[in-house]
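I have placed the structure first, in the form of structure tokens, so that the comments after it can refer back to it.
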Protein chains: 2
Amino acid sequence: MTNCSCDSFFVNFSNKARLNIMLLLKTRACDVTTISRNLKIEQSLVSHNMTKLLSCNLVQSKREGKTKIYSLNKKVALPILDIYEKNILKNCCSICKNEKKK
Amino acid sequence: MTNCSCDSFFVNFSNKARLNIMLLLKTRACDVTTISRNLKIEQSLVSHNMTKLLSCNLVQSKREGKTKIYSLNKKVALPILDIYEKNILKNCCSICKNEKKK
DNA sequence: ATAACATATGAACTATATTTCATATGACTA
DNA sequence: TAGTCATATGAAATATAGTTCATATGTTAT
């Protein structure tokens with residue numbers, strides 16, 4: 001964990017890759033290769049992104065043999081992911097759709 | 001309102017200027033000049049930012065004579081601002097402090 | 001209609017973030 | 001310890017976001 005400024009925190013949610021990683025980790029803890037295969041994100045990019053998520057305390061990691069298992073820090077991440085899934089996903093997109101119809 | 005993708009939504013919170021604008025609007029509705037003076041952000045930059053906030057339905061606006069009054073769309077913005085103020089601001093920064101001590 | 005104030009817009013510039021690739025490091029097994 | 005698999009890292013390239021400035025547009029009052 002290096003640095004997490006109070007505004008760098010939300011950057012993690014404004015990036016599709018990291019958002020999807022968190023949504024995946026919400027369902028189960030995963031190693032890097034699993035994340036990479038599931039989300040079709042190149043391995044080193046996953047690692048780079050995990051560093052950013054770690055630095056803002058959004059995930060935790062533990063070594064397990066050769067692999068490294070990442071899990072969601074639910075206390076920190078879930079409140080925002082929940083808002084995202086329950087409200088924004090619907091509101092935001094329906095707003096766009098409505099606007100486009102006009 | 002133009003376009004608000006589901007991941008562009010959080011970009012609004014990951015930018016100091018827009019975050020501060022929302023925190024100001026949380027306390028009271030303001031016109032552009034007032035925002036600009038209060039937060040020491042150049043006028044045209046405030047306008048650019050208001051466009052982005054509008055496009056994600058985070059603020060509303062109404063003309064009032066020469067000025068345009070922006071107000072926070074509390075239903076959409078407050079849940080996240082509250083998390084920011086109550087948790088992230090403290091957690092995030094204290095985490096950084098603790099890490100730096102090591 | 002013109003002047004004065006308020007806000008918006010577009011284009012050029014600057015700064016940051018994302019992505020990729022090559023390669024280093026770490027961990028297990030034969 | 002050499003080989004293999006898993007992950008991390010740094011630097012370069014690319015993409016996206018933020019900022020500034022000049023100026024256009026909108027609104028009111030004279």
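Here is how names work: the chains are called A, B, and so on, in the same order as the sequence lines, proteins then strands, and each is numbered from 1.
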Can you tell which of [options] lies closest to the side chain of [X]?
{"X": "A:R18", "options": "C:dT18, C:dT7, D:dA8", "value": "C:dT18"}
{"X": "B:K52", "options": "C:dT7, D:dA17, D:dA8", "value": "D:dA17"}
{"X": "B:K66", "options": "D:dT7, C:dT7, D:dT28", "value": "D:dT28"}
{"X": "A:T51", "options": "C:dT9, D:dT7, D:dT9", "value": "D:dT9"}
{"X": "B:T67", "options": "C:dA6, D:dT27, D:dA8", "value": "C:dA6"}
{"X": "B:D31", "options": "D:dT9, C:dT7, D:dT20", "value": "C:dT7"}

Where the side chain of A:T67 meets the backbone of A:R63, is there a donor-acceptor pair that is under 3.5 Å apart?
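Judged by distance alone, no pair lies under 3.5 Å.
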Expected output: side-chain B:R18 to main-chain B:I21 donor-acceptor under 3.5 Å
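No: the side chain of B:R18 does not pair with the backbone of B:I21.
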Tell me whether the side-chain N/O atoms of B:Y70 come closer than 4.0 Å to OP1 or OP2 in C:dA8.
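Yes, because at least one side-chain N or O of B:Y70 sits under 4.0 Å from OP1 or OP2 of C:dA8.
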Think A:K68 has a side-chain N or O under 4.0 angstrom from the OP1 or OP2 of D:dA8?
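It does, given that an N or O in the side chain of A:K68 lies less than 4.0 Å from OP1 or OP2 of D:dA8.
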Base, sugar-phosphate, or nothing: which does A:T33 touch, judged by heavy atoms less than 4.0 Å apart?
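Sugar-phosphate contact only.
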Looking at every strand, decide which applies to A:N15 at a 4.0 Å heavy-atom threshold: base, sugar-phosphate, or nothing.
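The answer is sugar-phosphate, as A:N15 gets under 4.0 Å only of primed atoms, P, OP1 or OP2.
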Can you tell me how the ring of A:F10 sits relative to the ring of B:F10, calling it parallel under 30°, perpendicular over 60° and tilted otherwise?
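Rings of A:F10 and B:F10: parallel, under 30°.
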Atom [atom1] of [X] and atom [atom2] of [N]: how far apart are they, to the nearest Å?
{"X": "A:N12", "N": "C:dT16", "atom1": "CG", "atom2": "C1'", "value": "14 Å"}
{"X": "B:M50", "N": "D:dG26", "atom1": "CE", "atom2": "C1'", "value": "18 Å"}
{"X": "A:L45", "N": "C:dA22", "atom1": "CG", "atom2": "C1'", "value": "15 Å"}
{"X": "A:L54", "N": "D:dA8", "atom1": "CG", "atom2": "C1'", "value": "12 Å"}
{"X": "B:F13", "N": "D:dG18", "atom1": "CZ", "atom2": "P", "value": "14 Å"}
{"X": "A:E42", "N": "D:dT7", "atom1": "CD", "atom2": "P", "value": "13 Å"}
{"X": "B:R63", "N": "D:dT25", "atom1": "CZ", "atom2": "P", "value": "14 Å"}
{"X": "B:K16", "N": "D:dT19", "atom1": "NZ", "atom2": "C1'", "value": "15 Å"}

Using side-chain heavy atoms (C-beta onward) and a distance below 4.5 Å, is A:N57 in contact with A:F9?
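No, every pair of side-chain atoms sits at 4.5 Å or beyond.
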With heavy-atom distances below 4.5 Å as the criterion, would you say the side chains of B:Y70 and B:L54 are in contact?
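Yes, close enough: below the 4.5 Å cut-off.
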Position toward the 5' end of DNA chain C (nearest nucleotide), A:S14 or A:S44:
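Checking each residue's closest nucleotide, the 5'-ward one belongs to A:S14.
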Base D:dT20 to side chain B:H48, donor-acceptor N/O within 3.5 Å cut-off:
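Side chain to base: pair found, below 3.5 Å.
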Between the side-chain atoms of B:Q43 and the base atoms of C:dA8, is any donor-acceptor pair under 3.5 Å?
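Answer is yes: a donor-acceptor pair is held.
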I would like to know whether B:R37 and B:D31 meet salt bridge (Lys or Arg N to Asp or Glu O under 4.0 Å); could you show each step before the answer?
CA-CA 10 Å; B:R37 283 188 190 145; B:D31 59 44; over 6 Å; no
